[in-house]
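Numbering starts at 1 and runs along the sequence shown.
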Amino acid sequence: MNNEIIIGISGASGVQYGLHLLEILKNMKSFEVHLVVSKSAEKLIQIETDVSMSDVEALCDHLYADDDFTAPVASGSHRSKGMIIAPCSMKTLASVAVGMSDTLISRAADVCLKEKRPLVLMVRETPLNLIHIENMARAAGAGASILPACPAFYPKPRTIDDLLDFMSGRALDLLGIEHNVYKRWHG
């Protein structure tokens with residue numbers, strides 16, 4: 001069974017979603033993680049967190065620049081369980097929706113779609129305009145799972161980590177990965 005997962009962190013507020021997901025995967029010790037971080041996301045990591053890029057690099061097995069089209073994840077012949085883009089900016093969503101592979105994140109996403117592998121787009125924007133909604137519909141029609149960064153409150157979250165756990169767990173669910181990251185609904 002392939003244990004490789006691709007994570008993309010694009011330039012939308014909420015880089016904590018991607019970073020938290022990396023921490024969870026690192027603690028699971030079952031997966032080889034390929035990470036692509038956009039230039040905008042690098043800037044947001046500096047703005048929104050106290051995490052350095054060397055800290056981020058320590059959370060993955062492979063870190064690629066967003067313009068590195070020689071990276072293995074740019075090819076359909078490189079197998080993976082799928083990809084999660086968390087957060088997924090509206091720019092990245094638009095690129096995926098129209099098949100414009102102008103960055104490594106959008107190319108790796110395109111590879112997942114063309115190879116029929118799971119692609120999870122944790123979109124992060126509010127409010128949404130019609131263009132955003134149409135791009136989500138188009139990406140979903142091509143096979144992507146749209147996972148808005150909207151955590152649930154039935155698990156009675158007490159911390160921001162609880163909210164991040166919920167979203168990370170839902171993303172892992174969509175890749176078919178077993179976990180106990182968040183409290184599931186039992187009625």
For H78 and E4, run side-chain contact (heavy atoms from CB on, under 4.5 Å): C-alpha distance rounded to whole Å, both residues' side-chain angles, the deciding distance at 0.1 Å, then the answer. CA-CA 10 Å; H78 182 84; E4 297 188 32; 2.8 Å; yes
Is there a path from L93 to M100 through hydrophobic residues (I, L, V, M, F, W, Y) whose side chains come within less than 4.5 Å of each other? no
Do N27 side-chain atoms and I24 backbone N/O form a donor-acceptor pair below 3.5 Å? no
Which value, rounded to the nearest 0.5 Å, describes the distance between N3 atom CG and R79 atom CZ? 12.0 Å
Please check if the number of heavy atoms outside E57 that lie under 6.0 Å from its CD is greater than 12. no
What I'd like to find out is whether the side chain of V73 reaches to under 4.5 Å of the side chain of V111, using heavy atoms alone. no
Sidechain-backbone polar pair: K26 side chain, A58 backbone, donor-acceptor under 3.5 Å: yes
Closest approach of V96 and A139, non-hydrogen atoms and distance? CG1-CB, 4.5 Å
Check whether I84 and I45 end up in the same hydrophobic cluster, where Ile, Leu, Val, Met, Phe, Trp and Tyr are linked by side-chain heavy atoms less than 4.5 Å apart. yes
Value rounded to 0.5 Å, distance of CG in D165 from NZ in K183: 13.5 Å
Which residues pass the side chain to side chain donor-acceptor pair (under 3.5 Å) test with S40, not counting sequence neighbours? none
Going by the side chain to side chain donor-acceptor pair (under 3.5 Å) test, which pairs reach into residues 171-181, not counting sequence neighbours? R170-D173, D173-H179, D173-Y182, D173-R184, H179-R184
If you compare all heavy atoms of V15 against all heavy atoms of P87, which two are closest, and at what distance to 0.1 Å? CA-CD, 3.7 Å
Whether the side chain of S77 engages the backbone of S75 through a donor-acceptor N/O pair (distance < 3.5 Å, no angle test) should be reported. no
Please examine the side chains of S80 and R117, heavy atoms only from C-beta on, and report whether any two atoms are closer than 4.5 Å. yes
Value rounded to 0.5 Å, distance of CG in N135 from CG in L121: 10.5 Å
Where do T103 and S38 land on the side-chain contact (heavy atoms from CB on, under 4.5 Å) test, with the steps shown first? CA-CA 8 Å; T103 66; S38 74; over 6 Å; no
Spell out, yes or no, whether M136 and L113 are grouped together once hydrophobic residues are joined by side-chain heavy atoms under 4.5 Å, including indirect joins. yes
Residue pairs involving residues 96-110 (criterion salt bridge (Lys or Arg N to Asp or Glu O under 4.0 Å); sequence neighbours excluded): R107-D110
Heavy-atom side-chain proximity of I9 to L44 below 4.5 angstrom: no
Is there side-chain contact between K81 and I177, with at least one heavy-atom pair below 4.5 Å? yes
For residues 144-157, which side-chain N or O atoms pair as donor and acceptor with protein atoms under 3.5 Å away, sequence neighbours left out?
none

Could you tell me whether a side-chain N or O of S89 sits under 3.5 Å from a main-chain N or O of S10, the two making a donor and an acceptor? no
What is the distance from atom CD1 of I7 to atom NE2 of H34, rounded to the nearest 0.5 Å? 11.0 Å
Evaluate the side-chain proximity of L164 to D161: yes if any heavy-atom separation is below 4.5 Å, no if none is. yes
Distance-only donor-acceptor hits, side chain of residues 122-132, under 3.5 Å, sequence neighbours excluded:
from, atom 1, to, atom 2, distance (Å)
R124, NE, S13, O, 2.9
N129, OD1, I131, N, 2.8
N129, OD1, H132, N, 2.9
H132, ND1, N129, N, 3.0

Contact check, side chains of V33 and L59, non-hydrogen atoms, under 4.5 Å: no
Could you list all the ring-ring contact (aromatic ring centres under 6.0 Å, His included) pairs where at least one residue sits in residues 88-110, not counting sequence neighbours? none
When every non-hydrogen atom of I105 is compared with those of M83, the smallest separation belongs to O-CE, 3.6 Å
Going by atom types alone, do S52 and D55 pair a side-chain donor with an acceptor below 3.5 Å? yes
Looking at every non-hydrogen atom in both residues, tell me the closest pair between A109 and I85 and how far apart they are. CB-CD1, 4.1 Å
Same apolar cluster (I L V M F W Y, side chains within < 4.5 Å links), V36/F69: no
To the nearest 0.5 Å, how far apart are SG in C88 and CG in L119? 8.0 Å
How about NZ on K114, more than 12 heavy atoms from neighbouring residues, nucleotides or ligands closer than 6.0 Å, or not? yes
Do V120 and F31 share a hydrophobic cluster (ILVMFWY, side-chain heavy atoms under 4.5 Å, transitive)? yes
Distance (rounded to the nearest 0.5 Å) between Q16 CD and L22 CG: 12.5 Å
